[in-house]
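Order of the sequence lines fixes the chain letters, A, B, ..., with proteins taken first and strands second; residue numbering starts at 1 for each chain.
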There are 2 protein chains.
Amino acid sequence: MASGRVPRLEDVARLAGVHPSTASRSLSQEQSGRIGAKTRERVLAAARELGYTPDLTAASLRTGRTMTIGVVIPDFSNPIWASLLAGLGETLQERDYTPVIIETKDDRRRFDRALEILTDRRVDGMINAAVRLTDKKRLTAFVARTPTVLAGRDLPGLDVPKVLVDDVRGGELAVSHLVQRGHRSIVQICGPGSVGPFKSRAEGAQAVVERSGDSVALHSHVVDQPTVDEADRVMSAALAAGPAFTSVFAHNDLMAIGALQAIRRAGMRCPDDVSVVGYNDNPLSQHLAPSLTTISLPFVQTGRTAADTLLSKLLHNDPPVVTTLQPSLIVRDSTAAAR
Amino acid sequence: MASGRVPRLEDVARLAGVHPSTASRSLSQEQSGRIGAKTRERVLAAARELGYTPDLTAASLRTGRTMTIGVVIPDFSNPIWASLLAGLGETLQERDYTPVIIETKDDRRRFDRALEILTDRRVDGMINAAVRLTDKKRLTAFVARTPTVLAGRDLPGLDVPKVLVDDVRGGELAVSHLVQRGHRSIVQICGPGSVGPFKSRAEGAQAVVERSGDSVALHSHVVDQPTVDEADRVMSAALAAGPAFTSVFAHNDLMAIGALQAIRRAGMRCPDDVSVVGYNDNPLSQHLAPSLTTISLPFVQTGRTAADTLLSKLLHNDPPVVTTLQPSLIVRDSTAAAR
DNA sequence: CTGTTAGCGCCTTCAG
DNA sequence: CTGAAGGCGCTAACAG
């Protein structure tokens, strides 16, 4: 019943009547130039007949390359990382690299474990989208051994290629949109400060306020987890304390949804009473009621560029480059002029 | 600068003053019983000092096991698969297996490519949550070589362990909920029939209607892609044709969102004018306005059980088992009594 | 309990 | 252009 042994190179060689090394060369992309066309054809035919496909893991022992790339992300359940994976997966697959994807849940132990697993598997490189500002030490050792690209989250002082988004600018876009619509009192719901992009968004927000010369008040709240429920809690408290504000900048769309929920529960309306700006432009955000004004980030391109950058390091040993992509404001129905 | 060579077993052995194979045994879980406590301690110390960690891919050549499990899912961007991945990832990691995750986008070529990649990598097993009813042929060959578990989607006639959800029951739950609330005209938005669970949901819906003895009308529309936009399109058309219906059963939450959107745009209200039931209980569905009545599926448990089932095959060669988990109805605000 | 030996499947020198 | 030989790092048999 079981289809018997998996064929090896030797089986192909025997069937084609050549030496295994000749078979190997015939099947490899690089070396196949040095092989007679007829021999090569015979070998390919034999391989096809047996259903032979080379054992990549065995080959890696000899070549020193596993053709795997570690990919570390915070969370499968956030669709923004799905876009990143789509971008980089496509690019890696074109070069026959397979991503080994691990999620950290922004948990320190899981992050460490991820690096261990990637080390044990001898991945040829890593794309890391889950670094926190507190991870420098443990990353440094890894990075010394394995080519690494940071994607989406920076770790200042780590000298590796990076593909980043200008989150300071993103924070500016969000808050200046509100200011331009006449809002003078803004509540900001910040994600954890250990995550670089959240820190940058807050900086951008602050910069706008400062440029406005004290005419705008920014009330910032930091949550431990950037979730719907946490934002709901913060927003409810803010509303209960007396809504001296007319707008909200949430550091991601999930938190914006939490804010919307709290606003609704308090019997107020968005955007009539309170305007809300999110961040990330999650796929569903445009389908909410009201549809969410938010900051869109080029995640697919981030993934693609991160993969390109890593491959250029791996294949041509190119020097580290930092690419910075730009966010953009998407105006929808959750923001209106201040009342 | 670069931390030099990656240490090998030989380096550890030399530092500990033992033979490499002794070092190997000391580091392995299984064999370490047959080693003197002191020797073992010396080896572990040496390994720690050098930062040694075994090359899993080299070891696999000898052991014949790669300690990798292929995981095939339709789509990273759908959070239900994230839950599946969470469940199975946890379980696999406990046994030192690493998942190699590939998405198919429910595209035939990508599905084939996924199987090729997993074959080349010599994964020890596969958990496949992306089979379509049309995939039997190409799966059969793979399954003969590699232990496989089907998760969430069945392929009748394929004799492998399966962890399924009773989607017929799910369809029944959804539609009988509507019937009990007095709805006698229901629009059903069906996902592609090549995907087993969609077919089953439609069967369940039909069964309820038949049991009602022709007192309920079910108008079914099949879409190519189970997306927000497709459902919006179908729903808009249905509304334009004259809303002789009072309720909608969408085969997943995304399509329910599309339906809600179309209803809103047509100037009608949910649940006042039209009730809507979704399927899957996406994380965001409870935060929509109105919050979505839907069918909840145990995805985390599906993942966990699939991993357990596969491991029991791998480790104890247990015979194929089919586990069927039950869906449950979550009543929220998108459904009300028929007007 | 530990050392010796061999070889997993493949690719890559080196010869011819 | 093809064959011969060696070895990547590790672990499993076999001795002792």
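As rounded to whole Å, 12 Å separates atom P of D/dC1 from atom CZ of A/R40. Protein atom CD of B/E41 is 17 Å distant from nucleotide atom C1' of C/dC1, rounded to whole Å. Taking atom CZ on B/R65 and atom P on D/dT11, their separation rounds to 11 Å, with Å as the unit. Atom C1' of nucleotide C/dT12 and atom CG of A/L27 are separated by 15 Å, given to the nearest angstrom. When rounded to the nearest whole Å, the span between CG of B/L9 and P of D/dA12 equals 12 Å. Note: CZ (A/R14) to C1' (D/dT2) measures 18 Å, nearest angstrom. Between the CD atom of B/E10 and the C1' atom of D/dG7 there is a distance of 12 Å, given to the nearest Å.
Contact annotation for B/T39: backbone-only contact, meaning every heavy-atom pair under 4.0 Å involves sugar-phosphate atoms and none involves a base.
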Distances under 3.5 Å between protein N/O atoms and the N/O atoms of nucleotides 6-8 of chain C, please, pair by pair.
{"residue": "C/dC8", "atom": "O2", "partner": "B/R62", "partner atom": "N", "Å": "3.3"}

Please tabulate, one pair per line, each protein N/O and nucleotide N/O from nucleotides 13-16 of chain D that are separated by under 3.5 Å, including the distance.
{"residue": "D/dA13", "atom": "N6", "partner": "B/R25", "partner atom": "NH1", "Å": "3.2"}

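A/R145 and A/T119 share a donor-acceptor pair across their side chains, judged by distance under 3.5 Å alone. Side chains of B/T68 and B/T98: a donor-acceptor N/O pair is absent below 3.5 angstrom, by distance only. With hydrogens and angles left out, the side-chain atoms of A/T57 and B/S60 include a donor and acceptor closer than 3.5 Å.
Of the residues near DNA chain C, A/P20 and B/H19, the one whose nearest nucleotide (by heavy atom distance) lies more toward the 5' end is B/H19. Residues A/T53 and B/A37 both approach DNA chain C. Their nearest nucleotides, taken by heavy-atom distance, put B/A37 toward the 5′ side.
A/E94 and A/R304 are not joined by a salt bridge, as no carboxylate oxygen comes within less than 4.0 angstrom of a charged side-chain nitrogen. Between B/K38 and B/E41, none of the side-chain N atoms (NZ, or NE/NH1/NH2) sits under 4.0 Å from a carboxylate O, so this pair counts as no salt bridge. A/D106 has a carboxylate O that lies under 4.0 Å from a charged side-chain N of A/R153, or vice versa, which qualifies the two as a salt bridge. Looking at A/R109 and A/D112, no side-chain N of the basic residue comes within less than 4.0 Å of a carboxylate O on the acidic one, giving no salt bridge.
Contact annotation: A/S24 side-chain N/O to C/dC11 OP1/OP2 distance is under 4.0 Å. Taking 4.0 angstrom as the limit, A/Y52 places none of its side-chain polar atoms (N or O) nearer than this to OP1 or OP2 of C/dG9.
Contact of the A/L314 side chain with the A/L310 side chain is registered, since non-hydrogen atoms from C-beta on lie closer than 4.5 Å. Contact annotation: the side chain of A/I101 approaches that of A/L85 to within less than 4.5 Å [non-hydrogen atoms, C-beta and beyond].
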